[in-house]
There are 2 protein chains.
Amino acid sequence: MDKADESPRSGPAVAKGTVTQRAIERIKAMIAEGLLEPGQRLPTERDLAAQLGISRSSMREAIRALTVLGVVEARHGSGIYVTQLQAGDLLETFGVVADLSRGPRLVELLEVRRILESTATALAAARITPEQLAAVEGHLTAMNATDDPEEILAHDLAFHREIAAAAGNETMAAILEGLSSRTFRARVWRGYREEDAFARTRREHAAIHRALAARDPEAARAAAAAHVGEVEEWLRAQRSAGAPSSAVAPAPVRPAPEGP
Amino acid sequence: MDKADESPRSGPAVAKGTVTQRAIERIKAMIAEGLLEPGQRLPTERDLAAQLGISRSSMREAIRALTVLGVVEARHGSGIYVTQLQAGDLLETFGVVADLSRGPRLVELLEVRRILESTATALAAARITPEQLAAVEGHLTAMNATDDPEEILAHDLAFHREIAAAAGNETMAAILEGLSSRTFRARVWRGYREEDAFARTRREHAAIHRALAARDPEAARAAAAAHVGEVEEWLRAQRSAGAPSSAVAPAPVRPAPEGP
DNA sequence: CACCCCGAGTGGTCCGACCACCTCGGTGAC
DNA sequence: GTCACCGAGGTGGTCGGACCACTCGGGGTG
């Protein structure tokens with residue numbers, strides 16, 4: 001783990017990948033080992049490049065990589081800083097997964113969300129504070145008071161976000177945020193509102209809120225699972241049907257499971 | 001709106017971020033919109049840079065960012081290709097989260113894993129094939145046949161990986177893989193083996209295997225939740241206790257800035 | 001036909017320059 | 001003494017060019 005790594009075999013060529021890749025690992029290791037604390041400022045790009053014996057260009061690629069991963073943050077004119085390494089920082093990339101997932105992957109993603117969301121809602125039922133409950137109720141009434149799909153979606157997201165926060169697990173909340181936000185939800189909602197799903201969604205949200213107000217974890221879990229499962233089933237059916245949506249890849253669907 | 005003018009000067013630059021950031025979004029959008037299929041080869045770095053009107057350096061940073069996100073893959077001398085966008089490709093970054101998480105975040109991460117792992121094990125109990133069950137049993141016996149911690153850990157990981165695969169949700173399996181592998185597990189195991197946890201772990205794994213063989217989803221869920229919860233509780237107690245920092249290593253590099 | 005070699009094309013690395021922005025200290029007005 | 005202003009230096013952001021390492025396919029060789 002020191003500078004001169006003692007590879008048993010394979011001579012002096014310790015270069016296991018590109019220089020940039022090594023730089024990424026080095027900086028990541030510095031943070032993991034505690035040499036760099038959250039919020040701390042890193043050396044300048046030029047100094048870092050000199051320390052690792054690489055060019056500034058390569059170091060910049062490494063910095064950029066760590067930036068998109070949410071590990072460090074570059075402030076123009078000021079310096080590079082380690083993020084707080086909060087759940088939200090590191091799990092921001094989760095949204096990319098949702099953005100780029102299609103077909104069967106979307107159903108799988110929704111299944112994961114159903115599992116986490118139901119558990120989070122159950123936890124929230126036991127831990128939610130009156131203030132948080134009031135906020136949830138506020139989003140519920142606001143959602144029922146308008147017909148603008150975008151506004152409904154915004155309050156829908158906030159509704160679940162508030163519940164996830166009340167569950168007391170920031171990591172779980174961050175994952176759910178990535179699974180719910182962005183085009184993921186928007187894509188599902190498109191065409192979804194063409195049916196009579198609005199009333200059903202409002203009913204489901206009301207059921208979740210009732211369970212939270214009653215401090216009933218099991219009811220909350222069931223209500224949340226049913227809510228997400230509703231969308232999940234709709235999406236599953238959409239896939240097995242003609243799937244007219246352009247967002248669905250024309251990839252050959254293989255619905256045939258193993259036989260006998 | 002996306003057809004931006006090329007005039008570098010003159011007024012309202014719609015550029016919301018850095019050029020590199022815009023390039024990342026552009027390429028991501030191309031893939032999301034289906035202009036670039038999985039496995040397809042992208043234009044060369046030089047062409048891409050010319051298309052977006054930026055330098056090759058900036059484009060390279062964008063490519064590097066998309067590479068670490070698992071969206072594209074660069075092959076030296078050949079070209080840049082869109083990955084298959086499988087769950088494993090995109091969720092590889094999840095391991096970084098586990099690597100860099102410490103303190104309360106570790107407990108939260110383990111809680112998420114407990115939720116997903118228990119559900120995955122329950123699903124596996126209903127869906128596992130005889131071949132997969134045999135593989136699980138193989139890792140169980142191999143785990144019990146040795147005292148080498150590393151070998152035990154390897155079979156432990158494979159044990160759970162096989163179960164996650166049997167659950168039939170690749171996305172969930174990929175997330176669990178990121179949550180379990182790497183230094184995350186190794187860090188927990190170090191010092192953990194100092195106690196009498198080996199026998200307990202073997203007993204818990206045997207219970208999971210029994211539930212799978214009996215095709216009992218509820219028993220499997222309970223066994224898996226107890227198994228992960230065991231580690232979770234140990235970690236929680238470790239934190240409340242003195243908890244000598246495990247992140248301390250002999251500083252290999254201590255950059256001494258040159259004096260004025 | 002099989003094999004080898006080589007050159008064009010690609011990503012990987014490096015360099016140097018310049019620009020845009022932030023920070024901080026000095027300076028002056030009040 | 002206080003505070004607003006402002007300039008210089010340092011920082012990340014961008015650019016263009018050059019060269020290296022590697023891959024791949026086509027043409028020559030046996």
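Residue numbers start from 1 in every chain, and the chains themselves are labelled A, B, ... in the order their sequence lines are given, proteins ahead of strands.
When rounded to the nearest whole Å, the span between CD of B/Glu45 and P of D/dG17 equals 16 Å. What separates CD1 of B/Ile24 from C1' of D/dG13 is a distance of 13 Å, to the nearest Å. Put simply, OH on A/Tyr81 is 10 Å from P on D/dT11, counting in whole angstrom units. Note: CD (B/Glu73) to P (C/dG12) measures 11 Å, nearest angstrom. Rounded to an integer number of Å, the gap from A/Met59 CE to C/dC14 P is 10 Å.
Which of C/dG12, D/dC15, D/dG12 sits closest to the side chain of B/Val19 comes down to D/dC15. Side chain of B/Arg60, nearest nucleotide from C/dG11, D/dG13, D/dT14: C/dG11. In this structure, the nucleotide among C/dC14, C/dG11, D/dT14 sitting nearest to the side chain of B/Ala74 is C/dG11.
Side-chain contact between B/Leu116 and B/Val112 is present, with at least one heavy-atom pair separated by less than 4.5 Å.
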What's touching nucleotides 4-10 of chain D from the protein side, N or O pairs under 3.5 Å?
| unit_1 | atom_1 | unit_2 | atom_2 | d |
| --- | --- | --- | --- | --- |
| D/dG10 | N2 | A/Gly77 | O | 3.1 |

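Residue-level contact check: B/Thr18 touches the backbone only, with heavy atoms under 4.0 Å from sugar-phosphate atoms and none from bases. B/Ile54 comes within contact range of the sugar-phosphate backbone alone, with a heavy-atom separation under 4.0 Å but no base atom that close. Backbone-only contact: B/Ser58 has heavy atoms under 4.0 Å from sugar-phosphate atoms and none from a base.
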What side-chain donor-acceptor pairs closer than 3.5 Å can you find for residues 70-82 of chain B, not counting sequence neighbours?
| unit_1 | atom_1 | unit_2 | atom_2 | d |
| --- | --- | --- | --- | --- |
| B/Ser78 | OG | B/Tyr81 | OH | 2.7 |

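Using a distance-only test at 3.5 Å, with no hydrogens or angles considered, a donor-acceptor pair links the side chain of A/Glu108 to the main chain of B/Thr171.
Checked by distance alone, A/Arg64 brings no side-chain donor or acceptor within 3.5 Å of a matching partner on the base of D/dG13. A donor-acceptor contact under 3.5 Å is not formed by the side chain of A/Arg75 with the base of D/dG13.
A donor-acceptor contact under 3.5 angstrom links the side chains of B/Thr129 and B/Gln132, judged on distance only. Side-chain polar atoms of B/Gln86 and A/Arg105 form a donor-acceptor pair below 3.5 angstrom.
Between A/Arg56 and B/Gly79, it is B/Gly79 whose nearest contact on DNA chain C lies nearer the 5' terminus.
Rounding to the nearest 0.5 Å gives a distance of 10.0 Å between CG of B/Leu90 and CD of B/Glu92.
The only option from B/Glu177, B/Glu117, B/Glu170 that meets the salt bridge (Lys or Arg N to Asp or Glu O under 4.0 Å) definition with B/Arg161 turns out to be B/Glu177.
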